[in-house]
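I have placed the structure first, in the form of structure tokens, so that the comments after it can refer back to it.
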Amino acid sequence: MILSKIKVVAAGSNRTRFINKLKDENIAIYDLVSEDKSVFWIKHNDFKVVKKFADVYSIQLEIKDNGGFLKILHNTNKHLPYMIAATICLIFLFASTAFVYNIQVDAQNDIYANKVHTFLKENNYGGIVAKNKIDLKAIENLILTNVEEVSFATCYIEGFSLMVKIVASEPPKVTENQKDLISDYDGVVTRVIVRSGTSEVKVGERVKAGDILIGGYHIADNTPSDGEENGDRIEVAADGEVYGKVYTHKRFLVPKQNYTFIKTGKSVVKRCLGFNTLDILKAGKPPYEFYDLRTTEIKLFGVLPIRVVTYEYFEMQRVEIEQNAYIESLKSKFDSEFMAAMQNDCRLLSKNYEIKEVEGVKYLDIFYETEQRLDNGGHYY
């Protein structure tokens with residue numbers, strides 16, 4: 001077995017004489033292949049002698065590969081930063097088994113879970129805490145005493161995390177009171193459908209956001225025949241649908257020079273290796289001036305306090321575009337966003353574009369007219 005070897009390529013008209021000379025000098029040659037050039041392996045220690053005879057016979061000599069110990073050493077150097085980072089992580093891992101690094105709260109309601117999580121962080125349980133200093137029963141009592149929405153809590157340690165499971169108290173039942181249907185938009189009423197309550201608007205009437213559309217009451221039909229007295233007022237929950245025309249306006253500034261960015265097809269992947277919140281192997285600076293970034297993060301928290309973040313940079317090229325093309329791209333972009341945000345029961349009646357120039361500054365104004373529910377299906381309590 002050759003512990004250290006080199007693969008060389010010999011080129012020149014005297015290759016045969018050169019190789020015979022090496023054999024006469026008892027220099028070991030392995031896996032010789034001769035075609036347009038001669039390719040073979042030699043011991044690393046023989047390279048100086050081989051190079052000397054190559055110069056004598058006017059042979060061009062090129063090193064193509066390393067083998068044996070040199071190859072192992074080359075591969076080790078190539079991956080050395082990652083090996084060092086992994087070693088440091090393992091050292092931190094063994095040193096950190098006596099600590100917890102985060103809190104995980106399990107609850108059916110995210111609001112209560114966030115409240116308990118915040119409360120524990122405020123009481124110094126949110127950072128790095130030694131396991132032997134954590135009194136699980138004391139934490140449970142602390143939660144039950146100070147978070148009134150929690151009726152049951154249990155705590156335990158799993159890996160590097162403090163696990164908390166809570167059960168929230170039943171919220172008090174709210175008695176249904178009178179409700180008015182309120183407009184969420186400025187608009188002009190086009191349709192009124194009343195299922196319960198009394199309409200406060202009529203078709204063609206202009207309303208503002210906050211106006212009552214359907215009142216939460218009903219006038220009983222018990223008015224005397226002479227009409228001099230009103231019927232009884234009965235409070236009910238307003239229910240119905242009120243539609244109207246709504247006008248939306250959006251203004252864009254159109255710069256004199258306009259640019260867009262396109263991908264060049266080049267990309268670079270960088271990784272960041274971290275232990276808890278400490279970056280051990282940083283990704284470094286972005287490789288391009290203009291780029292689109294895609295980030296993927298893998299966390300081993302709870303099992304190991306290690307995170308690996310992959311950054312993929314896509315090179316972007318800035319290209320100047322003609323102003324009219326830029327304006328058309330603005331129209332298309334906002335049209336797509338506006339249509340995607342429209343409710344299912346909303347329909348577009350018309351749209352209009354206007355280009356204005358004020359004191360040398362150009363603007364694009366976009367106007368939309370839609371028919372939609374003014375009340376948005378909600379009540380004001």
Side-chain angles (χ1 to χ4, degrees), residues 106-116 118 147-152 166-251 334-352 365-381:
D106 183 13
Q108 292 183 339
N109 190 312
D110 289 340
I111 296 176
Y112 297 152
N114 292 334
K115 187 171 183 177
V116 171
T118 302
V147 185
E148 59 184 11
E149 294 88 352
V150 177
S151 60
F152 173 79
I166 62 171
V167 176
S169 306
E170 287 292 331
K173 294 184 178 180
V174 179
T175 305
E176 294 247 344
N177 296 321
Q178 171 202 345
K179 303 180 183 68
D180 294 329
L181 215 58
I182 306 298
S183 178
D184 289 338
Y185 305 96
D186 296 346
V188 178
V189 177
T190 57
R191 289 183 288 159
V192 180
I193 303 171
V194 179
R195 286 186 283 270
S196 176
T198 302
S199 175
E200 299 286 352
V201 296
K202 58 184 178 180
V203 174
E205 183 178 345
R206 184 175 294 276
V207 297
K208 294 183 178 180
D211 288 351
I212 298 176
L213 301 174
I214 300 177
Y217 66 93
H218 175 68
I219 302 299
D221 188 17
N222 59 356
T223 305
S225 58
D226 58 10
E228 294 181 355
E229 297 182 11
N230 294 326
D232 294 334
R233 179 185 175 102
I234 303 173
E235 294 185 353
V236 296
D239 185 23
E241 300 171 16
V242 180
Y243 293 83
K245 292 181 180 179
V246 176
Y247 302 92
T248 304
H249 169 234
K250 185 73 173 180
R251 167 167 283 190
F334 189 69
D335 280 350
S336 299
E337 292 176 354
F338 186 82
M339 298 298 290
M342 286 175 56
Q343 302 295 328
N344 292 332
D345 54 357
C346 177
R347 64 189 183 97
L348 181 65
L349 300 178
S350 64
K351 62 181 176 180
N352 184 43
D365 289 306
I366 306 180
F367 302 91
Y368 292 97
E369 181 184 6
T370 57
E371 184 186 43
Q372 63 189 71
R373 285 189 66 169
L374 298 177
D375 60 277
N376 204 23
H379 298 86
Y380 272 32
Y381 292 84

Do R195 and E241 have side chains that approach each other closer than 4.5 Å (heavy atoms only, starting at C-beta)? yes

So how far is it from L213 CG to I182 CD1, rounded to the nearest 0.5 Å? 7.0 Å

T198 (side chain) donor-acceptor with G215 (main chain) under 3.5 angstrom: no

Value for CG (L374) from CG (D211), rounded to nearest 0.5 Å, stands at 10.0 Å

Measure from the side-chain N and O atoms of N109 to the backbone N and O of I111, and report whether any donor-acceptor pair falls under 3.5 Å. yes

Could you tell me whether M339 atom CE has more than 12 heavy atoms of other residues or ligands within 6.0 Å of it? no

When every non-hydrogen atom of E369 is compared with those of L348, the smallest separation belongs to O-CD1, 3.6 Å

Search all heavy atoms of S196 against all heavy atoms of A237 and return the closest pair with its distance. OG-O, 2.9 Å

Which atom names give the shortest non-hydrogen contact between V236 and H218, and what distance separates them? CG2-N, 4.4 Å

Is it true that atom CD of E337 has more than 12 heavy atoms of other residues, nucleotides or ligands lying nearer than 6.0 Å? yes

Kindly compute the distance separating CD1 (I212) from OG (S183), expressed to the nearest 0.5 Å. 11.0 Å

I'd like to check Y243 versus D345 (side-chain heavy atoms, cut-off strictly below 4.5 Å). Are they in contact? yes

Nearest non-hydrogen partners of F152 and V150, listed with the distance: O-CG1, 3.3 Å

Ring geometry between Y368 and F334 (parallel below 30°, tilted from 30 to 60°, perpendicular above 60°): tilted

Pairwise distance OH(Y185) to OG1(T248) - rounded to 0.5 angstrom: 8.5 Å

Roughly how far apart are K115 NZ and E149 CD, rounded to 0.5 Å? 3.5 Å

Taking the side chain as C-beta and beyond, is there a heavy-atom pair between D365 and H249 under 4.5 Å? yes

Let me confirm one number: the CZ-SG distance from F338 to C346, rounded to the nearest 0.5 Å. 6.0 Å

Within-4.5 Å side-chain heavy-atom neighbours: M342 and Q372: no

In short, V194 meets S199 closest at the heavy-atom pair CG2-CB, 3.8 Å

Where is the tightest heavy-atom contact between D375 and D184, given as atom of each residue plus distance? O-OD2, 3.4 Å

